[in-house]
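Ligands are counted one by one from 1 in listed order, and the atoms in each one are counted from 1 as well. Just so it is clear, the structure is predicted and the values come from calculations on it, not from any experiment.
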Amino acid sequence: MAKAKSVFFCQNCGFESAKWMGQCPSCREWNTFAEERVTVSAGTRKKEENRQRPVRIRDIELSADSGISTGIGELDRVLGGGIITGSLILIGGDPGIGKSTLLLQTCRNLALSGHSVLYISGEESLRQIRMRAERIGECPDRLFLLAETNLAAVRETLEREKPEVCIIDSIQTMYSDEIASAPGSVSQVREATGILMRLAKSLGISVFIVGHVTKDGAVAGPRVLEHMVDTVLYFEGERHASYRILRAAKNRFGPTNEIGVFEMRDSGLAEVANPSEYMLSGKPEGASGSVVACSLEGTRPLLVEIQALVVNTSYGMPRRTAVGADYNRVNLLIAVLERRCGLPLGDSDCYVNIAGGIRMNEPAMDLGIALAVASGFRDRPVGEKVVVFGEIGLSGEVRAVSQAQQRVSEAVKLGFNTVVLPKASMKTVKKTEGIRLIPVETLREAIERIL
Ligand code: TYD
Ligand code: MG
């Protein structure tokens, strides 16, 4: 017998509680609990003949399926090679960032290369989607649209049409009649995702789910679904900047942390083939407080400019801000500069910014941030053609980082001639023509060598 009861869910992370709470004990967000009615079934047993039996691992057949190419190189890279048949992929991001645009472009490419595609929208009318498609390019033959929000209808359509790829835009608009709570609530989005997961696996349809990242507590965010799906991609970027970054947060079929870089144009999203060049465009020449650092995003090194502005504090408390870098990390590096390198930053405001608005958290950025602050403080520029990378410890030591060779190669490719790197990483780097390697053991040594 099914029985209805009332529970409270955190709309941010999906934490479940029997009573209302002001702050979520799991994700520490305030005021995110909402009441939902859920039906608890007494547990349905599968009939004897439907039960699965254990299978020997060697008897499972491997398919040579390396994934269908989406026709967008950057998306294929983030997916780990392409779309795997029967996989469930979640694309999260702020409203208006370009999720629908990216997926419509993907659908178009897939349809043009002969795959059957169904785009189910619960947000826009068919005419609106057609208008968007017109901006992107000619509409192909095999791309079908459906405006639907009822899950039972979606399920019926998928079972009847059996497309190879299906898009659900967005999961927060889908609802099941069997669940009492409103569309977008935690129990609804979970139910919808569960149904789509079963359909994807049983029919071999690859399903993309769009999930809006929400700020208020009324609609459940994509985080509550992360554990259910095969792949989680997040679309990020500044609203006013034209580039967008697609990041894999979870991938059962490929590497995580891989990024794809796009630019929003009039005719949809365009791939950025050389992101380092793109990120460094507009770098000022001969300015103090500007350092080029190298971070590894997934398997690809990326050069970015770190800027630091150091000014005298006008009120007693020095101000520190970090845009694009981790705030606590920046404070830690400033403390190391003060204590281990003798830079009196106690009466200085420090503003650190990663140019281009990109967010980067790799420890290898430490040396770049510290040198940018030191350069800004002394008002002495770092050489034009210098790239730095290295992690900094609390004693002021510069620690080894992974993939040093790849980072050096990227610097060479973009025409830099000097690389400051951790001494411990030197043994992994080959001698390269035309590049001067400056191995350093401590932050103090790095400052002395290049400032
Ligand atoms: P959209 O894909 O609708 O965002 P989401 O589905 O993530 O909410 O993107 C909408 C934004 O993209 C909107 O601000 C207009 C812009 N855009 C372009 O600049 N060029 C284009 O060719 C298209 C289709 C959209
Ligand atoms: Mg959309």
In the protein, how many N/O/S atoms are under 2.8 Å from the Mg ion (ligand 2)? 1
Is a donor from one side chain sitting under 3.5 angstrom from an acceptor on the other, for [X] and [Y]?
{"X": "Glu123", "Y": "Ser170", "result": "yes"}
{"X": "Asn12", "Y": "Thr32", "result": "no"}
{"X": "Thr149", "Y": "Thr173", "result": "no"}
{"X": "Gln403", "Y": "Glu410", "result": "no"}

Identify whether the distance between the nearest side-chain nitrogen and carboxylate oxygen of Glu305 and Lys283 falls below 4.0 Å. no
Arg320/Asp349 ion pair, N-O < 4.0 Å: no
So do the side chains of Phe235 and Phe262 get within less than 4.5 Å of each other, counting heavy atoms only? yes
Are Gln172 and His212 close enough, and set up right, to give a side-chain hydrogen bond (donor to acceptor under 3.5 Å, both in side chains), and what steps lead you there? CA-CA 8 Å; Gln172 281 114 342; His212 293 296; 5.0 Å; no
Contact set, ligand 1, heavy-atom distance under 4.0 Å, ordered by chain/number, equals Asp94, Pro95, Gly96, Ile97, Gly98, Lys99, Ser100, Thr101, Arg132, Arg135, His212, Met264, Arg265, Asp266, Ser267, Gly268
Taking atom OG1 of Thr256 and atom CZ of Arg247, what is their separation to the nearest 0.5 Å? 11.0 Å
